[in-house]
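A short write-up of the structure that comes next.
Because the structure is predicted, anything quoted here is derived from the model rather than measured. Naming: A, B, ... by sequence-line order, numbering from 1 per chain.
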2 protein chains.
Amino acid sequence: MDAEAKNTEGTPEAWRDVTPDAARRLMTAAVHAFAERGYHATTTRDIAGRAGMSPAALYIHYKTKEELLYQISKVGHRFALDILEGARDGAGTPAERLAHAVRAFVRWHAEHHTTARVVQYELGALAEDHAAEITAMRRASDGAVRAIVEDGVKAGDFDVADVRGTAVAVLSLCIDVARWFNPHGRSTPDEVGELYAGLALRMVGAAG
Amino acid sequence: MDAEAKNTEGTPEAWRDVTPDAARRLMTAAVHAFAERGYHATTTRDIAGRAGMSPAALYIHYKTKEELLYQISKVGHRFALDILEGARDGAGTPAERLAHAVRAFVRWHAEHHTTARVVQYELGALAEDHAAEITAMRRASDGAVRAIVEDGVKAGDFDVADVRGTAVAVLSLCIDVARWFNPHGRSTPDEVGELYAGLALRMVGAAG
């Protein structure tokens, strides 16, 4: 999508644990290829070439292009879910936990906007069983944010008429950072995270 | 992207004025093809076939695939800009104008989510001069929302530390509706618009 993005984004932190190194390199190559031309216009040959490997070497790690998209999507969603469940289960008031969730979630979508775009926009290309697994992870992410909002309402700290819709809106605001964030723009990922934490607290009517 | 979307969305209201009828049919066919497979994986032959026309008949109206994307993008952005500038220049308090802008902008992104996704996610495929024209329209959209927020701050109705960042956030919240909106889901476009108008007023710290 944006040609510059590929040069400003290294291997996402979320993929540190992907081994062996060749598998991780293929995931990185696939993300950049999908982001530039879309999933359907990308061939496994394109991906192997970007990773400096042969199609046969790719096949050792991933049997199909869809398998690569699935791994990218799964690792990305796992990382997002860890952030949100960590915030839900962490210490602090509901307001502190919501602010923490938003800061970390925004930072991830800004720093890894190329990966996040692939993860968010190519869901329709997943095979049925893979899509079901990713959908379950997305529901869990929604649920983690909803739980923090519910905690705040119960504690009398938040004032929210539509808890489900407001939780979706907070997550949506964070996710869309991946679409518009420009690493050469006026705000750093941390600055956007800080602004958005404040906006999210206003959205839930947090006192203060 | 989602296979069901294509059946729930007719010709966008924004394209009423596209003539002749064949040109409008080709735009609709192109949107659905781009949404399903991505711009780069779609051929002009695919688009002509969906519209029940020959590639030669397509060529009478659009010289290239990029020309079709550009027309889709231009009409979509023109419609969005009309909504936002209409709200900026309309009657009412800044709070009323912001709520009006958000309601109408959300409704458009929900009702025409397939078109909106193509408009929002395929910008990178536009030719340089077309991209420059669309970027100018996007800046004008940002500016219209920013002007409403500035009016509210000047009037003492809004409490906003970062006017530019907050205006971007309000627009971003609306745009992302196109990503997640499901016409078979629990909320209608009007219901999401109403919820989001309230959330936007909270984001700008509107009294009340």
* Asked: Under a 4.5 Å heavy-atom cut-off, does chain B meet the side chain of A/Val170, its backbone, both or neither?
  -> neither
* Looking at A/Ser172, A/Ala169, A/Gly165, which makes the most heavy-atom pairs under 4.5 Å with chain B? -> A/Ser172
* Asked: Where on A/Tyr39 is there a heavy atom nearer than 4.5 Å to chain B: the side chain, the backbone, both, or neither?
  -> neither
* Asked: In terms of ring plane angle, is the pair A/Tyr70 and A/His130 parallel, tilted or perpendicular, where the classes change at 30° and 60°?
  -> parallel
* Structure fact -> Ranking B/Ile175, B/Val204, B/Val192 by heavy-atom pairs under 4.5 Å to chain A gives rank one to B/Ile175
* Please determine which of A/Thr42, A/Thr28, A/Val31 meets the side-chain contact (heavy atoms from CB on, under 4.5 Å) test together with A/Ile47. => A/Thr42
* Asked: What residue, out of B/Asp162, B/Asp176, B/Leu199, has the most heavy-atom pairs lying under 4.5 Å from chain A?
  -> B/Asp176
* To do: For salt bridge (charged side-chain N to carboxylate O under 4.0 Å, His left out), just list the numbers for B/Asp46 and B/Lys65, CA-CA rounded to whole Å, side-chain angles, deciding distance to a tenth of an Å, and then say yes or no.
  => CA-CA 11 Å; B/Asp46 297 334; B/Lys65 182 173 71 161; over 6 Å; no
* With the side chain counted from C-beta on, respond yes when A/Val177 and A/Trp108 share a heavy-atom pair under 4.5 Å apart, and no when they do not. => no
* Asked: Going through the checks in order, is the salt bridge (charged side-chain N to carboxylate O under 4.0 Å, His left out) test met by B/Arg50 and B/Glu36?
  -> CA-CA 12 Å; B/Arg50 273 177 183 262; B/Glu36 263 180 52; 2.9 Å; yes
* Relative to chain B, which segment of A/Leu195 carries a heavy atom at a distance below 4.5 Å: side chain, backbone, both, or neither? -> side chain
